[in-house]
Amino acid sequence: MAIAASFAPLPRSFYARPADVVAKDALGKILVFEREGVSLAGRIVEVEAYLGIRDRAAHSFGGRRTARNEVMWGPPGFAYVFFIYGMHFHLNLVTDAEGLPCAVLLRAVEPILGEEVMRVLRGTTSKSAKAMLLTNGPGKLCQAFGISRAHNGLDLCTKPLYLSAGDVPRHIKSCARIGVEYAGSWAKRLLRFVDSDSRYLSVRPGRRTGC
DNA sequence: TGAATGATTTACT
DNA sequence: GTAAATCATTCAA
């Protein structure tokens with residue numbers, strides 16, 4: 001198994017590109033979170049891109065700048081964490097240039113390090129005891145890593161939370177984003193990217209996603 | 001000051 | 001396959 005010391009944060013230049021480019025490039029990268037001496041890591045296998053003020057599905061649509069999405073307007077390479085549905089957190093990577101509120105939503109990872117810790121943080125029930133179910137969803141991923149609103153605005157180019165280089169997936173598929181049917185034509189844009197070889201995806205290939 | 005809603009997950013019929 | 005849980009944020013008044 002890989003050791004934590006071999007992980008190193010990606011440079012800010014990785015994030016300083018359009019969200020759809022960063023999203024596709026983020027597949028196969030390693031999400032690392034070092035908390036209280038324990039390292040958690042997972043390989044990114046599913047992401048979605050949100051393209052700023054033109055994107056009806058994005059929080060920053062129409063140029064709305066609020067206390068919640070303030071981080072999206074800042075420089076790239078920072079974490080945008082928000083709370084939704086009264087019970088879930090979502091983790092995003094702020095991308096592109098400062099002033100352009102674009103982001104990449106992390107939807108699923110494959111556990112690499114600290115699976116036991118993730119299991120505890122998730123409070124596994126008998127039905128979610130399988131490793132596969134630990135991090136295959138945006139809300140689950142945050143719970144498994146112990147990420148909450150306290151981590152909103154963290155610099156992803158330094159510890160404790162960052163992305164590290166990883167292998168490139170052999171097969172990348174793009175399809176429609178999840179849960180944004182209200183966004184009109186934007187809901188049909190292929191801004192969701194998955195490693196189609198992974199079994200850790202949040203939504204299985206089917207009619208709803210067009211995969 | 002109050003009401004509506006959402007980048008979801010889970011359990012149950 | 002359908003519905004409930006649950007609350008910060010946002011918008012209207």
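Residue numbering restarts at 1 for every chain, and letters A, B, ... go by the order of the sequence lines.
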Worksheet entry | Where protein sits on nucleotides 1-9 of chain B, one letter per nucleotide: B base, S sugar-phosphate only, - none, heavy atoms under 4.0 Å | -----BBBS
Fill in: Short N-O contact, A:K173 and A:D195, less than 4.0 angstrom
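No salt bridge links A:K173 with A:D195.
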Discussion item. So that I can tick it off, tell me whether A:D55 and A:R189 are bridged by a salt bridge, with the cut-off set at under 4.0 angstrom between side-chain N and carboxylate O.
Written reply: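 The answer is no: the pair does not qualify as a salt bridge.
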Fill in: For B:dA7, the Watson-Crick or wobble partner whose two distances fall under 3.5 Å
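B:dA7 is paired with nothing.
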Fill in: Any strand: nucleotide that pairs with C:dT6 via Watson-Crick or wobble, under 3.5 Å
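No nucleotide pairs with C:dT6.
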Worksheet item: Would you say A:T66 reaches C:dT9's phosphate, i.e. side-chain N/O to OP1/OP2 under 4.0 Å?
Response: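 So the side-chain polar atoms of A:T66 never come under 4.0 Å of the phosphate oxygens OP1 or OP2 of C:dT9.
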Item to complete: Using the side-chain hydrogen bond (donor to acceptor under 3.5 Å, both in side chains) rule, take A:T135 and A:E110 through it: C-alpha gap first, then chi angles, then the decisive distance, then the call.
Response: CA-CA 7 Å; A:T135 55; A:E110 297 179 2; over 6 Å; no
Worksheet item: A:L40 and side chain to side chain contact (heavy atoms under 4.5 Å, CB included): which partner among A:V117, A:L161, A:V32, A:I147?
Response: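 Checked A:V117, A:L161, A:V32, A:I147 against A:L40; only one passes side chain to side chain contact (heavy atoms under 4.5 Å, CB included): A:V117.
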Fill in: Rounded distance in Å - CZ (A:R65) to C1' (C:dT9)
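These atoms are roughly 17 Å apart.
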Discussion item. A:H151 vs A:F33, test: ring pair (Phe, Tyr, Trp, His ring centres under 6.0 Å). Steps then yes/no.
Written reply: CA-CA 11 Å; A:H151 305 102; A:F33 186 31; 5.2 Å; yes
Worksheet item: Are A:F83 and A:H88 an aromatic pair by the rule of ring centers under 6.0 Å?
Response: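 Judged by ring-centre distance (under 6.0 Å), A:F83 and A:H88 do not meet the cut-off.
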